[in-house]
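Accompanying notes for the structure given below.
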Amino acid sequence: MNNKNDIRVRFAPSPTGDPHLGAMRTALFNWAFAKKNNGVFILRIEDTDKKRQVPGSVENIIEGMKWLGLNYDEGPEIGGDYGPYVQSERNEIYTEVVNKLLDEDKAYMCDLTSEELSKMKELQISEGKAPGYNGHSRNRSREELEQSKKDGKPVVVRLKVPIAGQIEFEDVKRGIMKFDLSKIDDFVILKADGLPTYHLANVIDDSAMKISHVLRGEEWISSTPKHLLIYQFLNLNPPNYV
Ligand code: GLU
């Protein structure tokens with residue numbers, strides 16, 4: 001029987017192409033960690049970026065894992081207690097969380113188009129500033145933005161990142177990592193197409209699937225403070241990061 005201290009790890013590829021060696025290496029480490037600790041190894045398909053999805057990629061990932069003998073205990077096709085294990089089938093869960101964050105004023109809508117965002121960044125660069133979202137809609141009313149959405153503008157939802165302060169966590173391998181919140185934009189959690197971004201879906205699912213350890217490539221270190229903020233805002237306990 002599982003209890004909440006059990007080791008549960010996941011491999012969470014995005015089906016944006018054929019599985020490459022780096023991805024399978026991550027899968028292998030997760031699999032080995034689960035095996036060594038009598039834990040559970042999960043496959044979760046992170047397919048919320050429909051623009052980047054490559055047809056056949058999910059099948060190739062599953063086939064590749066089978067070929068390598070990286071058998072998983074929960075995942076697409078085989079199921080498990082915390083499914084579905086394909087993010088595009090979990091949209092209701094994400095929408096509910098986004099609404100909760102909006103109701104609690106921890107997130108807000110923004111209706112800037114991609115052209116307007118590009119202009120904002122060009123201007124910032126020309127002024128010698130670091131390019132980023134400048135909080136344009138942070139203090140606008142929800143009603144105004146709901147109306148903008150009805151009028152057909154591409155409305156996204158952004159997390160209200162605290163203006164100042166630090167966030168830190170202890171990476172199991174690297175030790176204490178510290179990040180300045182002032183350097184983190186109010187990042188998008190729900191896109192204009194109604195699908196969550198990687199950051200939001202990843203956190204909600206790691207929590208819902210009771211993941212104990214997140215073992216992933218170092219390119220995700222800079223995303224971890226964003227994930228921790230979402231955990232904080234939702235009063236959830238984060239997993240261990242490796
Ligand atoms: N979907 C992400 C990827 O393709 C997962 C990153 C993570 O493990 O959190 O790499």
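In each ligand, atom 1 is the first atom listed, and ligand 1 is the first ligand listed. We count residues from 1, following the sequence as given.
Remark: aromatic rings of Tyr108 and His136 are distant, center separation not under 6.0 Å.
In terms of heavy-atom proximity, Leu145 sits nearest to Met109 at CD1-O, 3.1 Å.
Side-chain contact check for Gln87 and Asp205: at least one donor-acceptor pair (N or O, by modelled atom type) lies under 3.5 Å.
Within 6.0 Å of the CG atom in Asp151, the count of heavy atoms belonging to other residues, nucleotides or ligands exceeds 12.
Remark: Glu168 pairs with Ile176, Lys178 by the side chain to side chain contact (heavy atoms under 4.5 Å, CB included) rule, at least two apart or across chains.
Ion pairing between a basic and an acidic side chain is recognised when a charged N comes within 4.0 Å of a carboxylate O; Asp103 and Arg142 show such pairing.
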Could you pull out the N/O contacts under 3.5 angstrom between ligand 1 and the surrounding protein atoms?
{"unit_1": "ligand 1", "atom_1": "1 (N)", "unit_2": "Ala12", "atom_2": "O", "d": "2.8"}
{"unit_1": "ligand 1", "atom_1": "1 (N)", "unit_2": "Ser14", "atom_2": "OG", "d": "2.8"}
{"unit_1": "ligand 1", "atom_1": "1 (N)", "unit_2": "Glu46", "atom_2": "OE1", "d": "2.6"}
{"unit_1": "ligand 1", "atom_1": "4 (O)", "unit_2": "Ser14", "atom_2": "N", "d": "3.2"}
{"unit_1": "ligand 1", "atom_1": "4 (O)", "unit_2": "Ser14", "atom_2": "OG", "d": "3.1"}
{"unit_1": "ligand 1", "atom_1": "8 (O)", "unit_2": "Arg10", "atom_2": "NH1", "d": "2.7"}
{"unit_1": "ligand 1", "atom_1": "9 (O)", "unit_2": "Arg10", "atom_2": "NH2", "d": "3.0"}
{"unit_1": "ligand 1", "atom_1": "9 (O)", "unit_2": "Tyr198", "atom_2": "OH", "d": "2.8"}
{"unit_1": "ligand 1", "atom_1": "9 (O)", "unit_2": "Asn202", "atom_2": "ND2", "d": "3.0"}
{"unit_1": "ligand 1", "atom_1": "9 (O)", "unit_2": "Arg216", "atom_2": "NH1", "d": "2.7"}

